[in-house]
Amino acid sequence: MVKEKSANNKSNMLSIDELATFCKRRGFAYPSGEIYGGLAGFWDYGPLGVELKNNIKREWWRFHVHQREDLVGIDGSIITNPKVWEASGHVASFVDVAVVCKKCGHKAKIDKHQVGKVKCDKCGSDYIVKGEFNPMFVTNVGPIKEDSIKSYLRPETAQLIFADFKAIHDNSRLKLPFGIAQVGKAFRNEISPREFLFRCREFEQMEIEYFIARGMKCPYIDEIKGVEMEIYSEEMQKFDKNAKKMKVYDAWKKGIIKNDWHAYWIALEFSWFVLLGANPEKFRARQHLSEEKSHYAVDTWDLEYSFPMGWRELEGFANRSNFDLTQHEKHSNKSMSIQDAIAGKVLPDVVCEPSLGVERAFLVFMFDAYEHDQKRENIVLHLSPKLAPYKAAIFPLISKGEVLEVSREVYKDLKEEFNVLFDESGSIGRRYARNDEIGTPFCITVDESSLKGKSVTIRERDSTKQIKVKIEKLRSVLRDLINDDISFEDAGKAVVTRVKKE
Ligand code: ATP
């Protein structure tokens with residue numbers, strides 16, 4: 001069942017460049033190889049960035065693979081037999097059109113169907129077409145040039161799910177309908193990488209191929225009944241209407257979203273973002289125009305997010321039918337049909353392919369978490385405790401003697417299970433501010449009263465409320481707080497803090 005939870009609404013939105021500056025200053029992400037001037041489209045993640053990114057991927061995997069019965073995961077290789085990319089159509093049809101603005105010289109990539117129809121997104125003048133490019137990175141496999149094979153760095157993770165489909169099905173006990181998930185690097189030689197992490201040349205995808213026997217109904221559709229969001233169909237776009245807020249379920253019932261599986265996955269993915277603290281008001285589901293769809297797609301919707309640069313694709317949902325399995329059958333001369341317990345011998349359809357970039361999810365969570373708190377006069381990063389790089393920071397109030405010893409013990413014990421920080425320098429206010437800025441949800445203070453009472457004080461980042469908790473219970477209390485299994489007020493005895501006079 002999808003739990004609805006309202007997001008914090010604290011973000012006063014930064015520009016993408018301001019977010020990039022903040023991320024660099026705090027060690028989330030830097031231009032790759034910056035001491036040599038960097039390389040456009042490549043980014044390195046610092047100590048905080050790598051934690052946030054890993055947490056996003058872990059939460060995605062838990063939600064989509066571990067918590068479901070109908071999904072398994074794989075980890076395919078980045079370079080594979082080039083025939084995979086011939087069969088998929090990427091060698092022949094994966095093409096971007098490079099354009100340059102007549103007036104301001106701005107470079108961009110557009111889709112083939114947009115040629116002659118779109119104007120420069122910087123100054124509004126006409127574009128000149130510079131040519132068509134295949135964005136796959138080419139590499140040679142084998143060190144001796146004459147014997148080497150020309151291959152590609154994968155431009156998406158999806159294809160190995162199709163190429164390995166039979167083996168995956170044979171190795172697992174999956175019955176249709178089922179999905180196969182993968183998280184990993186993808187590479188595209190983008191014409192114009194820009195806007196910080198939004199368009200990179202090296203990025204990561206979290207993808208699912210969801211298979212059914214044609215006509216199978218979605219047994220989970222009732223789970224999304226409560227999910228409401230902005231829907232922007234092809235018809236609304238063609239007739240210049242506004243997107244309409246409605247229940248995704250109703251959009252399916254009214255035939256706006258044609259397929260129950262499509263409605264289910266769009267609502268589920270939106271809910272995943274909201275459960276992890278994203279602001280639901282900044283999302284909409286937009287249907288691709290007929291001319292915009294990829295060569296393989298029957299119907300495609302995008303989950304879009306209102307970035308400071310405008311509405312942009314966050315996650316794609318293509319109905320690929322059995323295009324990919326058929327192509328791999330033709331090119332490999334091997335049957336891709338499976339013997340299913342209910343459907344019998346069948347070549348399944350991919351009824352939906354939810355495909356999300358880790359970097360774009362990273363941006364969404366950062367934008368929605370960032371707040372310049374006027375009262376505290378510092379930045380507070382309201383990241384969900386599940387995503388926060390550090391789950392807690394431990395502060396000894398006195399950095400010597402028994403208080404220091406007990407704080408080190410608390411720190412060591414918590415470190416067994418969580419990524420926590422030990423901070424003994426500066427005033428307590430300074431330590432709170434430092435941790436608010438990097439999104440640490442809980443700060444734990446050890447003082448002299450901790451020695452007698454065998455307890456510590458926990459301060460919650462978002463409310464700044466404080467509670468006392470017994471040291472012996474600290475680990476389980478922190479676990480419950482991170483997992484949202486207990487409210488902060490119920491987790492310990494309230495501490496009355498002095499309120500500053502205005
Ligand atoms: P766009 O139109 O923005 O180039 P796309 O339609 O080519 O995206 P897909 O092929 O559908 O993208 O890829 C699925 C997802 O992978 C996207 O929704 C996005 O989250 C992510 N993604 C694609 N290209 C990039 C990129 N260059 N940098 C970062 N993420 C990307």
Side-chain angles (χ1 to χ4, degrees), residues 16 20 29 31-32 39-43 45 53 56-57 60 85 88-90 93-99 107-114 118 121 133-137 153-159 161 181-209 262 265-266 269-270 272-273 278 283-289 291-297 299-307 309-320 323-324 350 352-367:
I16 189 91
S32 186
L39 189 61
F42 297 91
W43 296 88
Y45 291 83
K53 213 170 162 217
I56 292 172
K57 290 188 277 181
W60 188 91
W85 304 111
S88 68
H90 279 84
S93 312
F94 190 45
V95 173
D96 287 334
V97 180
V99 290
K107 286 190 206 126
K109 88 161 184 187
I110 58 170
D111 289 339
K112 268 183 169 177
H113 78 274
Q114 294 174 309
V118 287
D121 52 11
F133 297 93
N134 188 316
M136 283 199 292
F137 278 97
L153 303 192
R154 65 181 181 196
E156 61 171 33
T157 60
Q159 279 311 313
I161 296 179
Q182 190 174 191
V183 174
K185 293 265 182 183
F187 301 81
R188 294 184 192 176
N189 205 352
E190 295 280 359
I191 291 161
S192 181
R194 68 166 93 113
E195 293 166 335
F196 186 32
L197 303 175
F198 185 84
R199 191 170 301 289
C200 315
R201 287 178 164 142
E202 175 177 337
F203 56 101
E204 283 189 84
Q205 288 183 316
M206 306 186 278
E207 294 196 301
I208 293 169
E209 301 302 332
H262 240 128
W265 279 108
I266 291 168
E269 295 306 281
F270 167 63
W272 179 76
F273 274 101
F283 290 77
R284 75 177 180 195
R286 186 185 71 83
Q287 189 176 23
H288 276 206
L289 303 175
E291 58 270 30
E292 188 185 347
K293 280 189 310 218
S294 308
H295 58 281
Y296 50 74
D299 188 17
T300 302
W301 286 75
D302 285 343
L303 183 64
E304 294 191 333
Y305 177 83
S306 176
F307 286 96
M309 317 80 85
W311 285 103
R312 296 290 175 84
E313 174 179 340
L314 177 60
E315 178 166 6
F317 300 82
N319 176 342
R320 302 173 74 118
F323 172 83
D324 305 87
V350 168
C352 193
E353 178 202 54
S355 172
L356 169 64
V358 177
E359 286 72 11
R360 292 189 191 176
F362 184 111
L363 290 176
V364 165
F365 290 123
M366 286 298 275
F367 275 126

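Read the numbers this way: they start at 1 and go in the same order the structure lists the ligands and their atoms.
- Scanning Arg188, Arg199, Glu315, Glu156 for the heavy atom closest to atom 12 (O) of ligand 1 points to Arg188.
- Residues Ser32 and Leu39 form no side-chain contact, since every pair of their non-hydrogen atoms from C-beta on lies 4.5 Å or further apart.
- Considering Gln205, Glu204, Arg194 only, the shortest heavy-atom separation from atom 13 (O) of ligand 1 involves Gln205.
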Apply salt bridge (Lys or Arg N to Asp or Glu O under 4.0 Å) to the pair Glu359 and Lys53, showing each step before the final yes or no. CA-CA 8 Å; Glu359 286 72 11; Lys53 213 170 162 217; 3.8 Å; yes
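- Closest to atom 8 (O) of ligand 1 by heavy atom, among Glu353, Glu313, Glu202, His288, is Glu313.
- A donor-acceptor pair is defined here as one N or O able to donate and one able to accept, closer than 3.5 Å; such a pair exists between the side chain of Asn134 and the backbone of His90.
- Among the candidates Gln287, Arg320, His288, the single residue satisfying the side-chain hydrogen bond (donor to acceptor under 3.5 Å, both in side chains) test with Asp299 is Gln287.
- Ligand 1 has no N or O atom lying under 3.5 Å from any N or O atom of Glu359, backbone or side chain.
- Side-chain atoms of Arg201 come within 3.5 Å of backbone N or O of Glu190 as a donor-acceptor pair.
- Residue-to-ligand polar distances place Cys200 within reach of ligand 1: an N/O pair is separated by less than 3.5 Å.
- Looking at ligand 1, you'll find an N or O of Gly357 within less than 3.5 Å of one of its N or O atoms.
- Set against the non-hydrogen atoms of Gly316, the atoms of ligand 1 under 4.0 Å away are 18 (O).
- For ligand 1, the atoms lying closer than 4.0 Å to a non-hydrogen atom of Phe198 are 28 (N), 29 (C), 30 (N).
- For Trp43 and Phe203, the ring centers sit 6.0 Å or farther from each other.
- Checked by atom type and distance alone, the side chain of Gln205 pairs as donor or acceptor with a backbone atom of Thr157 at under 3.5 Å.
- Atoms of ligand 1 lying under 4.0 Å from at least one heavy atom of Lys109, given by number and element, are 4 (O).
- The proximity of Asp302 to ligand 1, defined as any non-hydrogen pair under 4.0 Å, does not occur for either the backbone or the side chain.
- The N/O atoms of Glu207, backbone and side chain alike, include none that comes under 3.5 Å of an N/O atom in ligand 1.
- A cation-pi geometry, defined here as NZ or CZ lying under 6.0 Å from the six-membered ring centre and within 45° of its normal, does not hold between Arg360 and Tyr305.
- Here the rule is side-chain hydrogen bond (donor to acceptor under 3.5 Å, both in side chains) with Ser355, and of Glu207, Glu209, Glu315 only Glu207 fits it.
- Annotation for ligand 1: atoms under 4.0 Å from non-hydrogen atoms of Leu314 are 18 (O), 19 (C), 20 (O).
- Which parts of ligand 1 touch Glu190 is read off a 4.0 Å heavy-atom cut-off, strictly below it: atoms 26 (C), 27 (N).
- Cation-pi geometry between Arg286 and Trp311 is not met at under 6.0 angstrom from the ring centre and within 45 degrees of the axis.
- Taking a 4.0 Å cut-off on heavy atoms, Arg312 fails to register as neighbouring ligand 1.
- Not one N or O of Leu356 is nearer than 3.5 Å to an N or O of ligand 1, by distance alone.
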